[in-house]
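Here is how names work: the chains are called A, B, and so on, in the same order as the sequence lines, proteins then strands, and each is numbered from 1.
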Amino acid sequence: MRVRFAPSPTGYLHIGGVRTALFNWLFARHHGGKFILRVDDTDQARNVADALQPIMDGFKWLGIDWDEGPDVGGPHAPYFQSQRSDFYDQAVAKLLAEGHAYKDFSRPAEFGAERQAAEKEKRQFIYSRQWMAETEADVTRFEAEGREAVVRLKMPREGQCQFHDMVRGAMSFEWSGEQDHVIQRKDGSCLYHLTNVVDDGAFEISHVIRAIEHLSNTPRQIFIAQSLGLKLPQYAHLPFVAEPGSSNKLSKRKLDKYLKNRDFKVLYDHGEQIARQIGLTASPETFNPVIIDFYREIGFLPDAIVNYLLLLGWSLDDHTEDFSREAMIRDFSLERINKAPASFDPQKLSAFQGRYMWRLSMAARLEMVLPYLQRAGFIALPVTDDVKSKVKAILEAASERISIAGDILDYSEFFQADEKIEYDEKAFRKRVVNAVAQRELLKKFRQPLATASDFSAPGIEALLRNFVEQEGVGMGMVVHALRVSLTGKAVGFGLFDIVAILGKESCLSRIDRALMFAEEQS
RNA sequence: GGCGCGUUCGUCUAGUGGUCUAGGACGCUGGCCUCUCACGCCGGUAACAGGGGUUCGACUCCCCUACGCGCUACCA
């Protein structure tokens, strides 16, 4: 079994492309076959190496490795279509020689006129082939008229093309519905359908697993393959990945439109906030939830993304959702691919991410989170053991509140100087400024805190419980004012953890500062 | 216009003629827990696109319609 994914070097790895590649990869791994990466760079307008790097990096990050292709080479090299033109030329020559293709000397305007006439009469366009050169004499004559030739496929005009699609079942197309497609331009460069089929043949691809938009292209590719005497691959056409909340195909170009989708915007804003804190330029070219880099930048787990994508168009049964790599390789099959398009759901992706993050060991989470603190300027390199244990304590206290590695930046108050804490204005007013009784209690609680010998979370809890009992009030009378004073925020993890992590000195200093501001304002 | 593909809760899906008063997950939502938020636990909400057949019986098979998407390029 040999399968391939053929990305164009566009500079970014699209979520939909990843899903297609993943299914190919899983199929190969399940059957012990080969997964090949082939670079579709026939459009050589851009710098291929630069534009390919982010794609390869994305696959490597996701753990989708390839057995043959760029970087790793292989027995069928080169794997860049721009370097394979000899193969294409030979194929065109063979098709021409055996009458499966012809030189067409029509001028674009002439050909276009025929097509327009057909469209105007609302009938199917079938080229007259009146500028087809069948003999050398024709060629000479047309060239004498100053014409240039492209090479067109000489498609059958009767009968059906029938094939089996492993996702969709029996397929049947009328040959008469097919056009005489151009396979080679005037300048000698070859077009997609030809290059694709030639390479699949050369690479001995056994299964072509690709997106549904290629289903209609299959008959003409079969024609080319058969004319070239190539063994036909099995085909499997995948449903496309649709936009959130619509059945349109997901596209990187429509970021503005997707941002109107609430869930998509929540994800984007979340990422953008992290990006801003680590000094990352959120360029729409790469920083976009349709592109895989987005997730890597803000601290998603590749396993979570892969697991989510696996379920976008495929399922094992009515209840299994968590798949380790081993499990998905073991259980994957083309037969269980869904036929209908599947919408990309940012919320469900986030749910997977949360689950995967929480399953990670403390050591792994710590390693994930440290770079964000470094890049935001909160911790210095090298990271000392003291800093590590502090971050670890924060991770423990925050537990599932940190679902993306970049979320650690939500707790920046633990790394800021005491005099730099910014207060959430509303919370500060409600809990400290206007809450006069609570403020007095806070002032009073400062004393036992200052003399506490046990500054662990349980120690602080005992201290506070004892305090409120003596005062004859509820915990709420102290907790809220204290939290806002210490962190500037109304929400966060357990207060006793906050106190313990900050330590006595910081706590007292922050309490004093908050009380001072509150008294100024009231 | 022609050809092709698709259509089960808001979303991802289970379902291959009776087990479906349609199951699971995400979301949303009520409650419990509770120092806030989150987690967790218990509960709730919500779907077979429409119409004809076939059949004792249809989400499942057939036809039509509607809607969506793709191909119909000297794009890939």
Side-chain angles (χ1 to χ4, degrees), chain A residues 6-8 10 40-43 81 104 106 108 111-112 115 118-125 148 150-152 165 167-168 171-174 176-179 181-187 189-193 195-196 210-220 237 239-240 242 244-249 262-263 308 311-322 336 338-352 354 358 398-403 410 427 431 461 464-465 468 474-484 487 489-496 498:
Chain A
S8 290
T10 51
D40 262 359
D41 59 344
T42 46
D43 168 20
Q81 290 199 320
D104 179 51
S106 68
F111 190 88
R115 181 173 24 229
E119 278 169 14
K120 202 171 171 185
E121 293 165 36
K122 294 199 190 300
R123 63 175 161 80
Q124 160 136 42
F125 169 57
E148 291 179 297
V150 295
V151 176
R152 286 186 187 276
D165 186 286
V167 174
R168 273 146 234 283
M171 293 289 126
S172 177
F173 291 81
E174 293 292 329
S176 60
E178 287 291 318
Q179 305 295 335
H181 288 97
V182 173
I183 52 173
Q184 187 174 43
R185 299 185 182 93
K186 286 186 185 66
D187 67 4
S189 60
C190 290
L191 265 36
Y192 168 73
H193 294 298
T195 60
N196 188 270
R210 63 189 358 175
I212 182 83
E213 54 260 41
H214 293 290
L215 180 61
S216 302
N217 297 332
T218 305
R220 85 195 60 138
H237 288 96
F240 57 79
S246 119
S247 58
N248 287 34
K249 190 180 153 188
R262 193 179 144 272
D263 300 336
Y308 170 71
L311 265 9
L312 214 50
W314 181 88
S315 66
L316 177 65
D317 53 31
D318 63 343
H319 64 279
T320 313
E321 287 217 324
D322 286 327
R336 289 202 61 84
N338 231 63
K339 292 184 176 72
S343 294
F344 173 67
D345 181 355
Q347 279 187 318
K348 190 143 186 173
L349 205 207
S350 298
F352 272 97
W358 186 229
S399 72
E400 296 179 23
R401 291 173 188 81
I402 293 180
S403 81
D410 288 346
R431 298 299 191 185
E461 176 164 10
L464 180 61
R465 288 199 187 278
V468 295
M475 293 260 286
M477 288 299 283
V478 180
V479 162
H480 303 296
L482 186 51
R483 168 179 280 108
V484 176
T487 66
K489 295 169 183 172
V491 299
F493 49 74
L495 179 68
F496 310 121
I498 292 172

Answer for the Watson-Crick or wobble partner of B:rU60, both distances under 3.5 Å, is none
Can you tell me the base-pairing partner of B:rG10? Count Watson-Crick or G-U wobble geometry only, both distances below 3.5 Å, and say none if there is no partner. B:rC26
When you get a sec, tell me which of B:rC74, B:rG4, B:rC37 is the closest nucleotide to the side chain of A:Arg401? B:rC37
Any side-chain N or O of A:Asn338 below 4.0 angstrom from OP1/OP2 of B:rA14? yes
Paired to B:rC20 by Watson-Crick or G-U wobble criteria (both distances under 3.5 Å) is none
B:rG4 phosphate, OP1 or OP2, under 4.0 Å from A:Arg220 side-chain N/O: no
Scan A:Pro239 against the nucleic acid and name what it touches under 4.0 Å (heavy atoms): base, sugar-phosphate only, or nothing. nothing
One should read off an interatomic distance between A:Ser399 OG and A:Trp358 CH2, to the nearest 0.5 angstrom, of 4.5 Å
Among the nucleotides B:rA76, B:rC3, B:rC35, which one has an atom lying closest to any side-chain atom of A:His214? B:rA76
Phosphate contact (B:rC75 OP1 or OP2) by A:Thr42 side-chain N/O below 4.0 Å: no
B:rG70 pairs with which nucleotide, Watson-Crick or G-U wobble, both distances below 3.5 Å? B:rC3
Between B:rU36, B:rA14, B:rC74, spot the one nearest the side chain of A:Asp318, thanks. B:rA14
